[in-house]
Amino acid sequence: MTESPKTDLAALDLEGLAAFLKTLGEPKYRAGQIFRWIHRRGVTDVAMMTDLSKALREKLSARAFVGAMSIARVERAADGTRKYALRTKKGDVVEAVFIPDASAEGRNTLCISSQVGCAIDCKFCLTASLGLLRNLEAHEIVEQITRVKEDLGTLVDPEAGPPIQNIVMMGMGEPLQNYSNVVSALKMISSQDCHNISPRRITVSTSGLAPRIPRLGNDVSVNLAVSLNATTDAVRDRIMPINKKYNIEQVLDACRAFPMKQRQRITFEYVLLADENDSDADARRLVKLLEGIPAKVNVIPFNEHPYSPFKRPSAERIESFQRIVADSGVAVFVRTPRGDDISAACGQLGAEVDAPRKMLRIVD
Ligand code: SF4
């Protein structure tokens with residue numbers, strides 16, 4: 001008789017765990033205990049789940065295992081940024097980037113991925129050159145946080161290292177194309193049984209899958225970032241082909257329908273590409289487009305890399321663009337790419353877009 005394959009406990013949600021435990025004749029409440037061991041404490045060995053009886057641990061070891069990602073590589077920058085290549089159980093690699101905040105607020109951020117590769121094909125992004133390899137499952141999205149916390153030393157003892165206060169989903173992939181896994185992951189991340197991070201401290205960044213924008217806001221009360229990057233459809237069609245499906249007007253209408261709390265704002269990411277989208281006229285059009293939307297703008301001067309024809313605008317151009325937007329009363333920040341010496345940050349986060357492909361090459 002062939003043995004049935006072992007069950008991966010990490011891949012089960014609470015209901016799934018309860019159903020599996022029922023097959024072992026175990027009560028439902030055990031599901032919560034096991035879930036917390038795996039997702040809050042990062043334990044990957046059933047033997048370490050010490051509040052379970054020895055008999056249950058032995059039963060679990062015979063029938064199940066805890067699958068885990070491994071850290072294939074960490075690159076540390078002088079400014080404290082850490083870029084992680086995480087190898088999934090299926091053998092592919094995703095990136096997560098820890099970005100410390102040196103300001104008085106001291107809020108550290110972790111940027112995580114939602115897919116392996118990406119199908120959206122933004123022309124300034126190297127993740128795009130991978131194409132979409134697969135969607136990450138909900139637990140794989142969540143586990144990026146677990147493994148990074150483990151590396152930072154804060155998994156078991158939150159005081160032991162720099163905490164993670166903010167989560168941004170701006171790594172590899174278009175989150176809204178992996179909708180159900182992303183929403184399940186967001187709910188897990190904010191659950192007390194898992195990382196207990198408030199949805200107010202979570203931001204999901206989209207290239208503009210318009211119909212799913214209001215839906216996201218209705219399903220989870222996270223913050224929204226939109227990768228806009230152009231002020232005319234002609235330019236956006238060229239640099240972000242998704243615009244041919246959902247144009248600027250449709251994306252902005254979807255933003256207007258995104259449910260917002262008082263003082264909440266939508267972040268518009270604008271990767272500044274020399275002679276493409278960086279003129280004063282662009283800045284003025286941007287202000288006009290955002291009228292009526294509680295918005296802030298992150299201007300991200302493009303970081304040149306050998307795989308892209310795009311250039312970084314001059315410092316004067318960047319300043320002029322910023323000044324026009326700021327003078328209109330819209331909050332605008334020029335984002336300094338973090339971890340310059342390790343080419344850190346994600347596709348949209350810091351326009352350090354060579355990271356994923358480079359990392360895949362490093363660890364393959
Ligand atoms: S910028 Fe984001 S949405 Fe666009 S191709 Fe890169 S990863 Fe995908």
Side-chain angles (χ1 to χ4, degrees), residues 83-86 92-97 99 110-136 140-141 144 167-179 181-182 185 203-213 216 223-230 233 235-248 250-251 254-255 266-273 276-277 297-305 307-310 312 335 337 343-360:
K83 185 171 71 170
Y84 294 86
L86 297 163
D92 36 31
V93 174
V94 293
E95 69 163 14
V97 184
I99 304 151
L110 183 68
C111 172
I112 57 176
S113 297
S114 56
Q115 297 178 309
V116 185
C118 186
I120 298 296
D121 200 24
C122 302
K123 298 303 176 195
F124 50 85
C125 171
L126 256 171
T127 299
S129 66
L130 296 170
L132 176 63
L133 302 181
R134 72 176 176 94
N135 283 331
L136 288 177
E140 294 176 304
I141 296 170
Q144 296 168 62
I167 298 293
V168 291
M169 206 173 276
M170 295 184 184
M172 295 171 84
E174 162 53 63
L176 300 191
Q177 233 179 22
N178 184 15
Y179 191 84
N181 282 319
V182 162
T203 300
V204 174
S205 178
T206 178
S207 60
L209 302 196
R212 291 190 176 167
I213 287 175
L216 176 76
N223 298 300
L224 177 70
V226 174
S227 190
L228 192 62
N229 306 322
D233 283 323
V235 172
R236 200 165 190 267
D237 280 354
R238 198 165 61 238
I239 62 174
M240 297 182 73
I242 188 71
N243 197 67
K244 291 178 190 152
K245 194 157 183 198
Y246 305 113
N247 66 19
I248 293 176
Q250 289 168 301
V251 172
C255 290
I266 295 175
T267 301
F268 289 89
E269 309 281 354
Y270 197 99
V271 176
L272 215 54
L273 307 165
E276 281 286 342
N277 63 0
V297 174
N298 280 340
V299 171
I300 307 158
F302 183 64
N303 212 40
E304 293 177 21
H305 58 78
Y307 305 104
S308 171
F310 295 115
R312 184 188 179 94
R335 295 277 284 271
S343 69
C346 320
Q348 296 164 55
L349 183 69
E352 303 269 348
V353 287
D354 60 338
R357 179 162 162 180
K358 190 173 161 201
M359 290 170 78
L360 285 166

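We count ligands from 1, going down the list as the structure has it; atoms in each ligand are counted the same way. On a predicted model such as this, the values are computed, not experimentally measured, just so you know.
- Applying the 4.0 Å criterion to heavy atoms of D121 picks out, from ligand 1, the atoms 5 (S).
- For D233 and N243, the side-chain atoms include at least one donor-acceptor pair closer than 3.5 Å.
- Residue C125 has at least one heavy-atom neighbour below 4.0 Å for each of these atoms of ligand 1: 1 (S), 5 (S), 6 (Fe), 7 (S).
- Using a 3.5 Å distance cut-off with no hydrogens or angles, the side chains of S207 and E174 do pair a donor with an acceptor.
- Partners of S114 by side-chain contact (heavy atoms from CB on, under 4.5 Å), not counting sequence neighbours, listed by chain and number: M169, P175, V182.
- Taking backbone and side chain together, C122 holds an N, O or S atom under 2.8 Å from atom 4 (Fe) of ligand 1.
- Taking 2.8 Å as the criterion, C118 counts as a coordinating residue of atom 8 (Fe) of ligand 1, since one of its N, O or S atoms falls below it.
- Put simply, the side chain of P211 reaches to within 4.5 Å of the side chain of Y246, judged on heavy atoms.
- Listed by atom number, the atoms of ligand 1 under 4.0 Å from A128 heavy atoms are 5 (S).
- Side-chain atoms of Q115 and N135 form a donor-acceptor pair, as typed in the model, at a separation below 3.5 Å.
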